[in-house]
**Q** 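Quick one: this structure, given as structure tokens, is what I'll be asking you about.
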There are 2 protein chains.
Amino acid sequence: MAEVAARAGVTKQTVSNVVAGKKVRPETLTKVNTAIAELGYKPNLVARSLRTGTTSTVGLFVPSVANPFYSEVVEEVENVLVGHGYNLLLATTRDDPDYTRAHLENLAARSVDALLVAGDKGVVQQVPMLTAADFPVALFAWEGDPPTTLPVVSIDYEHAGFLAGRHLRELGHRNVAVIADLPSHAPRVGGLRRAFAADGLAIDDRKVFTRTSDDAAGGYNAACAALDADPDLTALFATHDVLAVGAIEAVLRSGRRVPEDVSVVGFDDIAQVGRINPALTTVTFPKREMAQQAVELLLRAVDSGRPPTNVISLLRPTLTIRDSSAPPRATA
Amino acid sequence: MAEVAARAGVTKQTVSNVVAGKKVRPETLTKVNTAIAELGYKPNLVARSLRTGTTSTVGLFVPSVANPFYSEVVEEVENVLVGHGYNLLLATTRDDPDYTRAHLENLAARSVDALLVAGDKGVVQQVPMLTAADFPVALFAWEGDPPTTLPVVSIDYEHAGFLAGRHLRELGHRNVAVIADLPSHAPRVGGLRRAFAADGLAIDDRKVFTRTSDDAAGGYNAACAALDADPDLTALFATHDVLAVGAIEAVLRSGRRVPEDVSVVGFDDIAQVGRINPALTTVTFPKREMAQQAVELLLRAVDSGRPPTNVISLLRPTLTIRDSSAPPRATA
DNA sequence: CTGAAAGCGCTAACAT
DNA sequence: ATGTTAGCGCTTTCAG
């Protein structure tokens with residue numbers, strides 16, 4: 001920068017003004033600009049960050065990118081960020097509190113301008129640290145009890161689970177099992193239970209199977225266990241679509257048909273799931289709009305220099321009925 | 001830091017040494033550490049970066065995170081990076097050269113320590129700039145002709161396409177159509193053609209259908225077009241699995257069975273694709289190992305301060321045969 | 001509108 | 001093993 005200044009016959013300050021786009025006399029502007037071009041000068045953003053205390057970088061925490069639900073979120077967050085001239089620093093929590101803590105401290109020291117935390121897994125324990133952070137923080141797709149000190153953009157997971165349950169009830173199912181990522185997805189299961197309870201039907205704890213791993217294999221295994229435990233069940237609810245994919249496979253491999261013998265309902269409406277065979281009935285919610293909303297909330301706080309407005313923004317989930325759910329087969 | 005130094009009765013330098021874990025007399029160590037704890041001191045990484053010229057951050061370019069292939073890559077890259085104490089700055093190229101260029105300059109100015117570029121889409125035009133970068137750069141899953149100046153970790157895409165073609169030939173298919181993301185996936189198609197050409201069979205350009213969009217819907221539409229154009233075809237090759245998912249749907253909706261009437265072969269072996277119905281036959285390659293290799297190549301270069309060893313590392317693709325491919329139905 | 005001086009928080013180099 | 005000095009590249013005062 002000093003070189004540019006010397007070459008253009010001005011001071012560093014004037015160069016800085018040019019780069020920042022401030023008012024500069026047209027003739028000095030061209031002088032400086034040619035000097036910049038000739039020297040191939042690129043401003044050093046690190047130095048600027050040190051001086052201004054801002055980094056134009058936003059951190060995003062997700063439990064995992066491999067789950068298509070979160071990859072869509074990541075994509076949308078990046079979209080919005082670049083639209084505002086920000087960069088994305090991505091960190092995975094893997095449901096591991098210690099790991100998350102380390103990452104969190106790292107980000108704080110690196111002074112991201114803001115932080116979006118998606119999914120409470122492994123992060124709940126670190127909430128005090130988040131509250132104490134000296135940059136805006138928002139919570140996204142937060143299923144547990146959110147802390148009252150931080151803004152949240154999420155859905156009513158209990159109600160979403162209820163929608164799935166009501167659908168199954170309306171179809172006439174009485175004997176269902178649940179494949180769940182517990183404890184994090186407890187609200188979804190709770191909602192399902194409430195729908196059944198409304199008709200005086202209880203879903204026993206023994207009908208709730210915790211997935212062994214958080215992928216389709218985990219769903220497959222849990223569904224096998226569920227079918228073994230009760231060969232007469234007529235529906236399966238998986239607390240997220242990846243598990244549901246495995247559950248469908250398990251049902252088909254057992255020689256049963258979906259949905260004629262067993263209905264399967266998922267949760268999240270991830271990308272490919274409407275195009276598999278059979279197309280999955282699942283709980284849908286506007287994740288991309290939610291991501292936009294959350295990022296913009298954060299960015300407004302950054303720009304204004306004030307803490308983010310402390311809202312709980314709950315978008316509405318809906319049920320997308322496709323081919324994997326139908327009335328139960330006639331029973332004796 | 002000055003405060004800590006004052007409180008501990010030492011200089012900033014000694015504090016710096018403590019933080020860096022250098023040799024310090026035990027008694028000063030404890031003095032400094034208590035001062036750090038009492039004041040809640042956190043080192044400012046931005047300042048350190050300005051001084052040292054390193055950021056402990058690696059940039060990753062991917063065409064899109066929504067495609068499960070790339071989300072797996074992102075996940076693995078992040079895994080390896082954190083293992084080495086690095087952060088991940090993620091950027092999406094969306095196949096848009098201008099957008100990519102802007103992002104690239106941004107990253108350069110922000111001085112990432114290294115850059116991994118996955119997929120050539122929209123990036124090829126920017127290769128000169130990559131070569132000129134003053135930090136290590138490596139190319140990943142690069143399908144086009146890679147520049148000779150940069151290290152590449154990839155597979156032989158032409159050979160991979162050949163594997164798919166040979167499989168179809170061995171099953172006895174003669175009349176196939178291709179659903180392709182062109183022009184980027186041309187080598188895969190070329191390999192398929194070579195396998196058929198070995199038996200004197202040509203795959204006409206009219207049998208190659210370019211996907212309208214890069215998701216399952218695009219595969220669905222292209223497969224419908226292919227079936228309309230030639231209702232007698234017995235196999236479909238999709239140049240990536242997401243398209244293949246749509247293609248299967250199209251075949252099934254047309255009233256045909258997979259694989260009895262039409263075989264479908266994909267490419268990438270993304271996560272859920274082995275568990276859908278029918279399980280997809282596809283070209284597999286060790287993406288995670290490749291990602292590890294690429295990142296470690298980069299990190300070695302960073303640590304040694306020398307440019308990365310300029311290798312072309314081509315891992316071996318294999319064919320994973322599942323349920324979506326079978327011999328063609330008997331023809332008259 | 002432009003110039004001069006100061007300093008963001010840290011670490012490299014030397015001196016002690 | 002610790003203290004001293006200097007400076008990374010930029011922007012924010014404050015003068016001119």
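As a basis for the values below, the full set of heavy atoms in this structure was taken, side chains included, without hydrogen atoms, waters or symmetry mates. Lettering of chains follows the sequences in order, A, B, ..., and the numbering in each one begins at 1. Owing to the predicted nature of the structure, the values given are computational and were not obtained by experimental measurement.
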**Q** What is the distance, to the nearest angstrom, from the CE atom on B:Met1 to the C1' atom on D:dT2?
**A** 13 Å

**Q** Cut-off 3.5 Å, side chains only: do A:Ser184 and A:Glu143 have a donor facing an acceptor?
**A**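 Checked: A:Ser184/A:Glu143 side chains show no N/O donor-acceptor pair below 3.5 Å.
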
**Q** I'd like a table of atom pairs between the protein and nucleotides 3-7 of chain C - only N or O on both sides, under 3.5 Å - with the distance next to each one.
**A**
residue, atom, partner, partner atom, Å
C:dG3, OP2, A:Thr11, N, 3.2
C:dG3, OP2, A:Thr11, OG1, 3.1
C:dG3, OP2, A:Thr14, OG1, 2.7
C:dG7, N2, A:Arg51, NH1, 3.2

**Q** Identify, residue by residue, the members of residues 16-39 of chain B with a heavy atom below 4.0 Å from DNA chain C, and return them in order of residue number, or none.
**A** B:Ser16, B:Lys22

**Q** With a 4.0 Å cut-off on N to O distance, would you call B:Asp268 and B:Lys287 a salt bridge?
**A** no

**Q** Rounded to whole Å, please give me the gap between CG in A:Leu50 and C1' in D:dT12.
**A**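 Those two atoms, CG and C1', are 13 Å apart.
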
**Q** Provide, to the nearest angstrom, the distance between the CG atom belonging to A:Asp134 and the C1' atom belonging to C:dG9.
**A** 15 Å

**Q** Rounded to whole Å, how long is the line connecting atom CZ of A:Arg48 with atom P of D:dC8?
**A** 18 Å

**Q** Determine whether the side chains of A:Asp113 and A:Thr55 contain a donor N or O and an acceptor N or O closer than 3.5 Å.
**A** yes

**Q** I would like to know whether A:Glu78 and B:Thr92 meet side chain to side chain donor-acceptor pair (under 3.5 Å); could you show each step before the answer?
**A** CA-CA 8 Å; A:Glu78 208 252 355; B:Thr92 309; 2.8 Å; yes

**Q** How long is the gap from NZ on A:Lys12 to CD on A:Glu3, to the nearest 0.5 Å?
**A** 12.5 Å

**Q** Has B:Ser304 got a side-chain atom pairing as donor or acceptor with B:Arg306's backbone, closer than 3.5 angstrom?
**A** yes

**Q** Expressed as a whole number of angstroms, how long is the span from A:Tyr41:OH to D:dG9:P?
**A** 10 Å

**Q** Sequence neighbours excluded and cut-off under 3.5 Å, please list the side-chain donor-acceptor pairs for residues 59-73 of chain B, or say none.
**A**
residue, atom, partner, partner atom, Å
B:Ser64, OG, A:Glu75, OE2, 3.4
B:Ser64, OG, B:Ala66, N, 3.0
B:Ser64, OG, B:Asn67, N, 3.4
B:Asn67, OD1, B:Phe69, N, 2.8
B:Ser71, OG, B:Val65, O, 3.4
B:Ser71, OG, B:Asn67, O, 3.3
B:Ser71, OG, B:Pro68, O, 3.2
B:Glu72, OE1, B:Arg288, NH1, 3.0
B:Glu72, OE2, B:Ala271, N, 3.4

**Q** Quick one: does B:Val153's side chain get under 4.5 Å of B:Leu139's, heavy atoms only?
**A**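 Sidechains of B:Leu139 and B:Val153: no contact.
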
